[in-house]
Amino acid sequence: MEGSFVLPGDEVGSAEEFVPGECTYARGGVIYASTAGHVRINSKVRSAYVEPKTNAPPRLCRGDIVVGEVIDLKDSLVVLSLAFKKGYEGRPLSDEEATIHISNVKNSYVKDLRHMFSLRDIVKAKIVDERQMRLSTSEEDLGVIKAYCNRCMASLQKRDGRLVCPSCGSSENRKLSSDYGTGVI
Ligand code: ZN
């Protein structure tokens with residue numbers, strides 16, 4: 001039964017065998033799906049639940065980690081076009097914009113944002129205000145996770161805490177995430 005696709009009202013399992021979990025209900029000893037999705041079993045607590053199948057973008061809340069591309073740089077603000085929320089990579093965010101204020105870039109004072117970010121950088125950040133979509137990159141693992149050379153557009157490589165262009169040799173500064181270049185988000 002696990003993994004099978006169910007519609008609302010389809011049988012998920014036996015209430016004798018499992019506890020009805022999320023997106024299910026029990027009636028007459030049988031657990032039914034209350035939403036369309038895939039049947040999952042949590043063997044630890046012996047519960048059967050349904051993982052909803054939806055293409056709707058996930059809700060964004062304070063504390064969530066998001067990934068986006070730098071689309072504009074102002075004197076005190078970076079503007080990102082958000083791509084996805086961490087853990088929901090398969091459900092892209094559409095037309096969602098967010099900003100990082102210069103005071104939320106690092107724990108220390110930042111004089112010029114242009115030394116921290118550049119257009120087209122891919123940035124991992126944490127939501128600090130979900131109503132105004134303000135983000136922070138002050139933590140160690142937050143910041144730029146992918147960047148391109150401003151001269152020749154090649155992917156920059158991290159060497160000794162700095163970014164170096166393997167193609168033209170140019171070096172650049174960013175507010176780097178400790179995960180830069182690791183493929184980890
Ligand atoms: Zn280059």
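Sequential numbering from 1 along the given sequence is applied to the chain's residues.
- Checked options I31, V12, V50; the residue passing with P20 is I31 (criterion: side chain to side chain contact (heavy atoms under 4.5 Å, CB included)).
- In this structure, OG1 on T24 lies 11.5 Å from CZ on F18, to the nearest 0.5 angstrom.
- Separation of atoms CD1 (I41) and CZ (R46) is listed at 7.5 Å; rounding is to 0.5 Å.
- The NZ atom of K111 sits 11.5 Å away from atom CE of M116, with the distance rounded to the nearest 0.5 Å.
- Side-chain heavy atoms closer than 4.5 Å link hydrophobic residues (I, L, V, M, F, W, Y) into clusters, and following such links, even through other members, never connects V184 to V67.
- Of the inter-residue distances, the one linking L156 atom CG with S167 atom OG reads 10.0 Å to the nearest 0.5 angstrom.
- Between E130 and R62 no salt bridge is recorded (no basic side-chain N to carboxylate O distance below 4.0 Å).
- Annotation for K85 and D64: closest pair NZ-OD2, 3.0 Å, computed over non-hydrogen atoms.
- S177 places a side-chain N or O within donor-acceptor distance of the main-chain N or O of D141, the cut-off being under 3.5 Å.
- Residues L113 and V105 meet the side-chain proximity criterion, which asks for heavy atoms closer than 4.5 Å.
- Side-chain contact between S76 and H101: present, with at least one pair of heavy atoms (C-beta onward) separated by less than 4.5 Å.
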TODO: Would you sort out whether V19 and V45 count as a side chain to side chain contact (heavy atoms under 4.5 Å, CB included), showing the intermediate values?
DONE: CA-CA 8 Å; V19 177; V45 296; over 6 Å; no
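- The hydrophobic cluster containing V66 does not contain L77, counting ILVMFWY residues as joined when their side-chain heavy atoms lie under 4.5 angstrom apart, directly or transitively.
- Between the side chain of E16 and the main chain of S14, no donor-acceptor pair closer than 3.5 Å is present.
- At a threshold of 4.5 Å between non-hydrogen side-chain atoms, the residues T137 and I100 count as touching.
- C165 approaches C152 most closely through the heavy-atom pair SG-SG, 3.5 Å.
- Between R40 and E2 there is no salt bridge, since no side-chain N of the basic residue sits under 4.0 Å from a carboxylate O of the acidic one.
- Cluster annotation: F84 is not connected to Y180 through the hydrophobic network of ILVMFWY side chains, with a link wherever side-chain heavy atoms come within less than 4.5 Å.
- Nearest heavy-atom pair across M133 and E97 is CB-O, 3.5 Å.
- With rounding to the nearest 0.5 Å, the separation of OG in S118 from CD in E172 is 6.0 Å.
- Checked by atom type, the side-chain pair R134/N104 shows no donor-acceptor distance below 3.5 Å.
- V70 and L135 end up in the same hydrophobic cluster when Ile, Leu, Val, Met, Phe, Trp and Tyr side chains are linked at under 4.5 Å.
- Although no hydrogens or angles enter the test, the distance criterion places a donor-acceptor pair under 3.5 Å between the side chain of D129 and the main chain of R131.
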Open item on the list: Working note: S155 + K146, criterion side chain to side chain contact (heavy atoms under 4.5 Å, CB included); need CA distance, chi angles, decisive distance, verdict.
Closed with: CA-CA 7 Å; S155 281; K146 185 156 184 58; 2.8 Å; yes
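- Among all heavy-atom pairs drawn from R174 and F117, the shortest one is CD-CA, 4.0 Å.
- The NZ atom of K126 sits 10.0 Å away from the NZ atom of K86 when rounded to the nearest 0.5 Å.
- No continuous path of ILVMFWY side-chain contacts below 4.5 Å connects L60 to I185, so the two sit in separate hydrophobic clusters.
- Minimum interatomic distance between L176 and G161 (heavy atoms only, all atoms of both residues): CD1-O, 3.8 Å.
- The local environment of CD in E22 is sparse, with at most 12 non-hydrogen atoms from other residues, nucleotides or ligands closer than 6.0 Å.
- Nearest heavy-atom pair, D75 versus I102, reported as atom, atom and distance to 0.1 Å: O-CD1, 4.1 Å.
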TODO: Could you go through the side chain to side chain donor-acceptor pair (under 3.5 Å) check for N150 and S170 one step at a time?
DONE: CA-CA 9 Å; N150 274 317; S170 167; over 6 Å; no
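- A side-chain donor-acceptor contact under 3.5 Å links K175 to the backbone of L142.
- For the pair K106 and S138, the minimum side-chain heavy-atom distance is 4.5 Å or more.
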